[in-house]
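Below, read A as the first sequence line, B as the second, and so on, with proteins coming before strands; counting in each chain starts at 1.
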Amino acid sequence: MKQPRPPRLPTWLLERLGTGEHASSLIGDLAEQYAVGRSRGWYWRQAIIALALDLLQVLRAHSLSFILALIAGCALTAAGQWVNSLVFVPVGSNVWRVSSHPWSIQALAVFVALVLSRASLIAFSFVSVWAVTRVHRAHQRGVLVAFVLILAAQQSPWLARLAFDTLGDGRFARYLMYDIYGVLFQVAFALAGGLWAIRTQKFADMDHRTRLAAVLVGCQQLLGAVIFAGSRIAALSPFRVAAVAYETAELATLAYLVFVLWLPQTRHQEVAIE
Amino acid sequence: MRIRSYLGQHELVVMLAILRLGREAYGVPIASEIAEHTGREVYLGTVYAALERLEARGLVSASQGEATPVRGGRAKTYFKLTAAGLRQLREAHRALQALSDGLPELKSAAS
């Protein structure tokens with residue numbers, strides 16, 4: 001007789017986030033109970049409690065390093081934004097001065113500054129998640145997720161206000177979409193960077209999907225920085241549709257990289273369910 | 001990590017369940033045994049959390065069992081009390097008995 005398949009999402013979460021020494025046996029126990037007639041609700045409750053206890057146990061044992069990791073990550077992110085606002089934003093605000101002479105030396109200097117601006121934000125973002133996962137090593141994925149949630153939460157009051165404004169005036173919808181994209185990009189990049197920082201395999205040993213996605217993300221960021229800087233200098237606003245398509249592709253590739261990096265490196269040898 | 005030297009109530013209950021089950025002590029029967037005798041729902045996560053603490057203190061030892069299709073190919077982990085675990089359980093039991101002996105309130109609650 002064919003056995004009922006346990007709910008996939010809670011199983012997936014337990015496989016990826018469960019840190020207990022006997023996490024695999026726990027999942028087996030849940031599957032065994034599900035096969036004898038336990039409900040999906042029971043399975044979900046058991047999985048959520050197990051994950052919460054896991055996190056609590058790690059926090060209790062390593063609470064100081066967990067908090068320090070989050071503080072380090074937030075401080076580095078703030079430092080990156082401060083450096084960017086101090087060094088590169090003034091250059092960006094003067095871009096209109098060189099728009100009429102896009103092939104001048106001054107325009108080239110602004111172009112380089114804009115590329116460096118984006119590169120510095122990406123570098124600080126990567127250094128932040130690297131620091132987060134190095135300061136707290138006991139539950140690296142857990143602290144990474146917590147840090148990403150903090151990043152998203154920081155933006156939520158502004159997004160909520162913009163959403164409220166959009167309800168009153170539809171013209172704000174464009175800005176809302178742009179800011180939602182910004183938050184999604186930040187979250188996806190932080191997750192991808194963090195998972196990349198804690199990977200245990202060398203680049204050459206990774207499967208071709210992960211390598212391809214990583215190379216693609218790198219190329220997209222480089223190309224994106226060049227296109228963004230170039231279009232600002234040349235004042236190419238008519239290409240907004242192309243920019244949206246490019247940004248969507250960037251986000252999709254980042255999300256795919258997060259997905260493949262999150263997969264466990266060694267899968268359990270599962271016995272076929274008859 | 002700081003390790004407690006005394007047994008908590010849940011740890012005590014888990015150890016008693018292991019003792020009752022003998023060779024069949026793995027997650028599911030341990031949880032069922034506790035649920036049957038305490039009358040409350042037991043989460044497997046809390047059972048494993050207690051087992052890991054007891055294992056870290058050397059009071060319980062674990063061994064891998066068989067993987068079955070119904071478990072999605074995942075092996076069972078069987079637990080048994082170590083000599084130190086049994087000793088500590090006896091001490092806790094003795095202390096509980098000594099404290100509860102002769103208390104009329106407990107007798108009336110049981111009857």
Side-chain angles (χ1 to χ4, degrees), chain A residues 1-8 10-15 17-38 41-65 138 267-274, chain B residues 1-4 8-11 13-15 17-18 21 23-36 40-80 82:
Chain A
M1 201 178 83
K2 195 166 182 172
Q3 302 290 348
R5 196 184 177 96
R8 286 186 187 192
T11 309
W12 188 87
L13 288 170
L14 283 169
E15 281 172 345
L17 289 174
T19 57
E21 204 180 322
H22 304 296
S24 176
S25 296
L26 169 69
I27 300 170
D29 285 356
L30 290 178
E32 187 183 317
Q33 287 288 283
Y34 190 73
V36 296
R38 294 284 196 174
W42 176 90
Y43 195 98
W44 266 101
R45 277 200 308 280
Q46 293 281 341
I48 289 167
I49 293 287
L51 286 168
L53 280 171
D54 234 20
L55 186 64
L56 270 179
Q57 206 145 328
V58 170
L59 281 177
R60 203 160 47 185
H62 310 277
S63 52
L64 185 64
S65 68
R267 287 189 175 280
H268 300 285
Q269 199 170 354
E270 292 187 10
V271 175
I273 297 172
E274 298 296 325
Chain B
M1 187 177 143
R2 197 155 48 93
I3 293 176
R4 277 189 287 123
Q9 190 202 9
H10 189 55
E11 289 159 347
V13 167
V14 168
M15 287 174 85
I18 294 173
L21 289 162
R23 287 171 169 271
E24 285 305 308
Y26 70 95
V28 172
I30 293 172
S32 305
E33 192 74 12
I34 298 169
E36 193 184 319
R40 62 179 184 222
E41 187 180 6
V42 178
Y43 291 98
L44 279 162
T46 63
V47 171
Y48 274 98
L51 286 166
E52 280 173 20
R53 286 196 299 272
L54 291 168
E55 212 182 340
R57 290 162 63 182
L59 304 179
V60 155
S61 65
S63 58
Q64 288 287 297
E66 71 279 18
T68 58
V70 79
R71 296 174 57 82
R74 291 180 170 85
K76 292 175 183 171
T77 304
Y78 288 101
F79 296 91
K80 65 176 185 181
T82 61

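- Heavy atoms of B:A49 lying under 4.5 Å from chain A belong to its backbone as well as its side chain.
- Note that CD of A:E32 and NZ of B:K76 are 5.0 Å apart. Values are rounded to the nearest 0.5 Å.
- For A:Q33, the part lying under 4.5 angstrom from a heavy atom of chain B is the side chain only.
- Using cut-offs of 30° and 60° on the angle between ring planes, the pair A:H22 and B:F79 is perpendicular.
- For the atom pair A:L26 CG and B:Y43 OH, the distance stands at 13.5 Å (nearest 0.5 Å).
- Each of A:V36, A:L30, A:D29 was evaluated against B:V28; a single residue qualifies, A:D29, per the side-chain contact (heavy atoms from CB on, under 4.5 Å) test.
- In this structure, chain B has a heavy atom under 4.5 Å from the side chain of A:L53, while its backbone stays farther away.
- For B:A62, the part lying near chain A is the side chain, with the backbone staying farther off; criterion is any non-hydrogen pair under 4.5 Å.
- Taken from OH in A:Y43 to CG in B:L44, the straight-line distance is 10.5 Å, to the nearest 0.5 Å.
- Interface remark: B:T46 contributes backbone and side-chain atoms alike to the contact with chain A (heavy atom separation under 4.5 Å).
- Panel note: side chain A:E21, backbone B:E52; no donor-acceptor pair is recorded below 3.5 Å.
- In this structure a side-chain-to-backbone donor-acceptor pair under 3.5 Å is missing from A:S25 to B:R74.
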